[in-house]
2 protein chains.
Amino acid sequence: MLVVALVKFNLDLCQLLSTIKMEEMAGTGEAQHPFWPRDLLIPGYVPNDRSMAEILSFLFSVSGGLLLGTWVLTGQEGAGGRLSAARRLAVCWFAVCGFIHGVIEGWFCLYYPSIPSDQGFLSQLWKEYSKGDSRYVIADNFTVCMETITALMWGPLSVWTVLAFLYNWPNRFVLQLIVSLGQLYGAVLYFFTEHRDGYMHSELGHPLYFWFYFVFMNTLWIVIPLLLIWDSWLQLSAVQALSDGATAGQHRPKAE
Amino acid sequence: MLVVALVKFNLDLCQLLSTIKMEEMAGTGEAQHPFWPRDLLIPGYVPNDRSMAEILSFLFSVSGGLLLGTWVLTGQEGAGGRLSAARRLAVCWFAVCGFIHGVIEGWFCLYYPSIPSDQGFLSQLWKEYSKGDSRYVIADNFTVCMETITALMWGPLSVWTVLAFLYNWPNRFVLQLIVSLGQLYGAVLYFFTEHRDGYMHSELGHPLYFWFYFVFMNTLWIVIPLLLIWDSWLQLSAVQALSDGATAGQHRPKAE
């Protein structure tokens, strides 16, 4: 339901804003690109030929499809059949993260030098997103490093987390903790560096680019990881307490 | 033994290099500071009046004292008496981390704007360290953000980790995992951003400033956290497996 609502919300926004924005971009005489700060130099920049609607529809329909697919998979008898509804939602989240980190952010960390001039679909997605944070079209050093680690580490580890919950592997909460803390730290640094830069890489306060792309989309990777870190903390401390209690009565000269 | 050897190694290096370096700084006519790149502008820079030997002696004697104190504490009957030698060393490490993150890096994130001109002892320590990485005297954005999170989060959490092992709290391995992953991610980003900057903030290949300050000191926060993440992974997966095994025979319609 959330995904459907999100897609609808975005398509509505597109209808309202896309025409205006496309015209803004198409040469009012000031800058040759739609990014901030307005005097930023982006050599070789080519404007997108895909619409915002196409790009957002792709992102939200693939994410939504993965979410629904994982929901169905985790509800089946067998591997996932024993999972609670909240746990199934968490597994869906990691499936979507596997796609976004591995594919979307993976594309960025492979092709960031040529994204401004490239018309590949995912390059256009990054040019669209960069209206909310131009660090992605200028290959900002921290952004490239953080995205590379996200794509290389949290992408594959997100998929591993999905499998770990599906097959009930004993490392499942450790994986959840590692991925969530990695995402949280990356997102906090992402906001913190831009805060100290005075939000100069976006049109501060713009409803779609600043609030939705930059603030809302990235806040997801603060709020949800915090919940999942807390969940892993409780779970892992509880099983440690169980193990400590089980061994407390025994004679153990050297314990951990 | 390691600490004693390290202190000795440094004092030897000091005798060899301090005179040469101090003379280099004292106005050969090129730059008014000892940092790289040589054309860096550092307004208000005041050269240290404390010697390298004083600064390194402070750092290594406080760290060594904390290490020895924690070693003795964890060997006593009572709270720490049940810990293995390897575990006691890990607890010593977190005690040293609590000091370095909380005090040394805490100072940096509070006073970084005035460090180049300040003669406070810890400001002088940071000016000395900056010979290996000048990002600390120019308040590089990523460096300030990463150090602030390190001081605010990994500092207090390191102390909490020490207490958790001393008192055998069930969250001890979760804390170890969180602190170690946070340190590892910070250190990897720290090296990665500088690598992409072409090691421009140090005299590449300098035995003391580049290899010891920049590479060796920071590599500690890659190697040791990796070992401790691996240790937490094994421990937490084992207690989870124990708990899963204990409940596997029972009828549980909804498990985690």
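In what follows, every heavy atom counts, from backbone to side chain, and hydrogens, waters and symmetry copies are set aside. Throughout, protein chains are lettered first and strands after them, A, B, ... in sequence-line order, and every chain is numbered starting at 1.
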Given heavy-atom pairs under 4.5 angstrom as the criterion, report whether the side chain, backbone, both or neither of A/Met146 touches chain B. both
Test side-chain contact (heavy atoms from CB on, under 4.5 Å) on A/Val137 and A/Lys127 and set out the steps. CA-CA 7 Å; A/Val137 280; A/Lys127 281 188 277 181; 4.2 Å; yes
Just so I understand: if I count every heavy-atom pair under 4.5 Å between each of A/Val144, A/Leu184, A/Leu242, A/Ile229 and chain B, which residue has the most?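 Answer, by heavy-atom pair count under 4.5 Å with chain B: A/Val144.
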Among A/Ile149, A/Val188, A/Leu234, who wins on heavy-atom pairs under 4.5 Å with chain B?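 Most pairs with chain B among the choices: A/Ile149.
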Please tell me whether B/Tyr112 and B/Glu147 have a donor and an acceptor in their side chains that are separated by less than 3.5 angstrom. no
For the candidates B/Ala90, B/Ala86, B/Ser232, B/Gly182, which exhibits the highest count of non-hydrogen atom pairs separated by less than 4.5 Å from chain A?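 Heavy-atom pairs under 4.5 Å are most numerous for B/Gly182.
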Tell me, out of B/Thr148, B/Asp197, B/Leu181, B/Leu175, who's got the most heavy-atom pairs with chain A below 4.5 Å. B/Leu181
Return yes if some donor-acceptor pair links the side-chain N/O of A/Arg172 with the main-chain N/O of A/Ala164 below 3.5 Å, else return no. no
Donor-acceptor check, side chain of B/Arg135 to backbone of B/Phe142, threshold 3.5 angstrom: yes or no? no
Could you look at B/Ile178 and say if it's the side chain, the backbone, both or neither that has a heavy atom under 4.5 Å from chain A?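 For B/Ile178, the contact with chain A is made by backbone and side chain together.
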Going from NE2 on A/His33 to CD1 on A/Ile42, what distance comes out if it is rounded to the nearest 0.5 angstrom? 4.0 Å
